[in-house]
Protein chains: 2
Amino acid sequence: MNTADHTVLRRFANGVHDHGRCVSGAMAKAELACAASGRRLTPLRRRVLELVWGSHLPVKAYDVLAILGQERAQAAPPTVYRALDFLQSVGLVHRIASLNAFVGCGEPQRGHVGQFLICTQCGAVAELADPALAQRVRRSAERLGFAVQRETIEVEGVCRSCRTSPVVLGPSP
Amino acid sequence: MNTADHTVLRRFANGVHDHGRCVSGAMAKAELACAASGRRLTPLRRRVLELVWGSHLPVKAYDVLAILGQERAQAAPPTVYRALDFLQSVGLVHRIASLNAFVGCGEPQRGHVGQFLICTQCGAVAELADPALAQRVRRSAERLGFAVQRETIEVEGVCRSCRTSPVVLGPSP
DNA sequence: GTTCATGTGTTACTACATAACAAATCTGGT
DNA sequence: ACCAGATTTGTTATGTAGTAACACATGAAC
């Protein structure tokens with residue numbers, strides 16, 4: 001669609017799409033990623049990952065907990081947070097610090113620099129992987145003698161579809 | 001000290017320094033910034049700003065509350081959060097999302113792109129203003145049709161002084 | 001099949017943040 | 001000085017996010 005698409009790890013859910021395919025694709029990649037690293041994708045962890053992939057919106061831990069609680073009698077905060085910690089450690093989900101929420105990762109195999117675009121209109125989150133940008137951050141920090149371990153870039157703004165077809169909340173005065 | 005120093009809005013508190021001057025300087029700038037924008041720097045807000053500037057480490061809201069509670073009988077969470085909201089709106093403090101903590105801003109008058117270096121060893125936070133980097137982020141987002149409103153860049157790593165004189169927690173085995 | 005590591009259940013708690021309304025204080029106009 | 005409206009602060013209560021600690025269960029490895 002444009003020249004930078006190869007850097008997009010996770011798209012905005014613009015327009016109608018078969019979200020079931022998003023989910024099943026993500027689950028398949030998750031199986032592979034876990035198998036490759038010898039980690040166990042248990043039923044619980046699998047289910048939590050599915051719930052995080054429930055939409056293209058970031059998902060709150062306690063929302064996951066609420067749904068999980070309907071499905072199994074025993075579900076407490078640690079149940080969810082432990083699963084999320086695991087999924088993060090394998091690179092299957094990311095935590096968005098500015099939202100206290102989680103999103104599924106579209107490309108768990110690739111490096112994770114943590115670049116996110118957050119639409120303030122529809123709430124959807126896209127993930128980028130722009131190595132040049134990451135490199136730019138690294139150099140800027142290293143000029144000050146700072147050794148970078150992890151970069152978090154969270155950009156708020158309005159996504160394309162919300163710009164072209166903005167949500168109207170009521171008649172303008 | 002190096003060619004990029006003009007981009008440093010807030011330094012790591014490396015080595016001994018007269019922190020009283022940091023604070024008094026910040027308070028003077030705060031008075032100016034508020035006067036310029038017609039906002040009121042009340043005694044309460046002033047005191048909260050001083051407490052945030054208490055060190056070069058990020059400060060938690062409830063730590064501010066604890067100190068404030070010793071000084072005045074009436075101090076509840078809203079007391080602190082309202083003051084912090086005000087100070088943020090004037091650009092006098094920043095919130096570090098990944099830490100749930102606050103730091104004073106070294107240059108309230110200048111644009112605030114929100115670029116932070118967080119040392120995982122000593123906990124100190126530096127603030128940068130690298131317009132080229134901000135521009136790079138903006139362009140990367142705009143290629144996807146995304147209109148940037150606010151950029152948050154929080155980089156974890158090890159600062160220069162912690163690299164050169166690392167904190168030793170015990171004898172190495 | 002016993003052992004050890006890993007995963008999950010359970011209870012309790014700590015930390016972070018805001019809603020809603022009441023009281024006090026400041027500001028500008030007369 | 002006085003009043004009216006706006007802003008700031010006090011107060012109570014509640015909502016939201018995340019973790020500690022320990023018990024129990026399950027899996028893999030020998």
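Being a predicted model, the structure only gives us computed values, none of them experimental. Lettering of chains follows the sequences in order, A, B, ..., and the numbering in each one begins at 1.
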- Query: When the nearest nucleotide of DNA chain D is assigned to A:Pro77 and to B:Arg39 on a heavy-atom basis, which residue is associated with the more 5' position?
  - Reply: B:Arg39

- Query: In terms of the nearest nucleotide of DNA chain C, which residue is placed more toward the 5' end: B:Arg82 or A:Arg45?
  - Reply: A:Arg45

- Message: So, under a plain 3.5 Å distance rule, would you say the side chain of B:Tyr62 forms a donor-acceptor pair with the base of C:dA17?
- Response: yes

- Message: Please confirm whether the ring centroid of B:Phe102 lies under 6.0 Å from the ring centroid of B:His94.
- Response: no

- Nearest whole angstrom, please: distance from the P of C:dA15 to the CG of B:Leu99. 16 Å

- Task: Counting heavy atoms from C-beta on, name the nucleotide in C:dG7, C:dT11, C:dT18 closest to the side chain of A:Ala76.
- Result: C:dT11

- Task: Rounded off to whole Å, could you give me the CG-to-P distance for the B:Leu65 and D:dT9 pair?
- Result: 15 Å

- Query: Does D:dA17 have OP1 or OP2 sitting under 4.0 Å from an N or O in the side chain of A:Lys60?
  - Reply: yes

- Query: Does B:Asp130 pair with B:Arg136 as a salt bridge, N-O distance under 4.0 Å?
  - Reply: no

- Query: Nearest-Å distance, CG (B:Asp63) to C1' (C:dA15)?
  - Reply: 11 Å

- Message: Assigning hydrophobic clusters by single linkage (Ile, Leu, Val, Met, Phe, Trp, Tyr; side-chain heavy-atom cutoff under 4.5 Å), is B:Leu128 placed with B:Leu57?
- Response: no

- C:dA17 phosphate, OP1 or OP2: any side-chain N/O from B:Asn100 under 4.0 angstrom? yes

- Item | Steps toward side chain to side chain contact (heavy atoms under 4.5 Å, CB included) verdict (A:Val23, A:Met27) | CA-CA 6 Å; A:Val23 176; A:Met27 299 313 294; 4.1 Å; yes

- Task: State, to 0.1 Å, how close B:Glu127 and B:Gly106 come at their nearest heavy-atom pair, and which atoms those are.
- Result: OE1-N, 4.2 Å

- Message: Tell me the interatomic distance from A:Leu84, atom CG, to D:dT19, atom P, rounded to whole angstroms.
- Response: 10 Å

- What does B:Arg72 touch in the nucleic acid at a heavy-atom separation under 4.0 angstrom: a base, only the sugar-phosphate, or nothing? sugar-phosphate

- Calculate the interatomic distance between A:Asp85 atom CG and D:dG18 atom P; express it in whole Å. 10 Å

- Message: Applying a 4.0 Å non-hydrogen cut-off, can you work out what B:Arg40 is touching in the nucleic acid: base, sugar-phosphate, or nothing?
- Response: sugar-phosphate

- Once you round it to whole Å, what is the distance between C1' of D:dT9 and CD of B:Gln74? 9 Å

- Query: What's the closest nucleotide to the A:Phe102 side chain, out of C:dC16, D:dG18, D:dG10?
  - Reply: D:dG18

- Quick one: on DNA chain D, does A:Pro78 or B:Ala73 contact a more 5' nucleotide (nearest heavy atom)? B:Ala73

- Atom OH of B:Tyr81 and atom P of D:dT14 are separated, to the nearest Å, by 19 Å

- Item | Distance, rounded to the nearest Å, where B:Leu87 contributes CG and D:dT8 contributes C1' | 14 Å

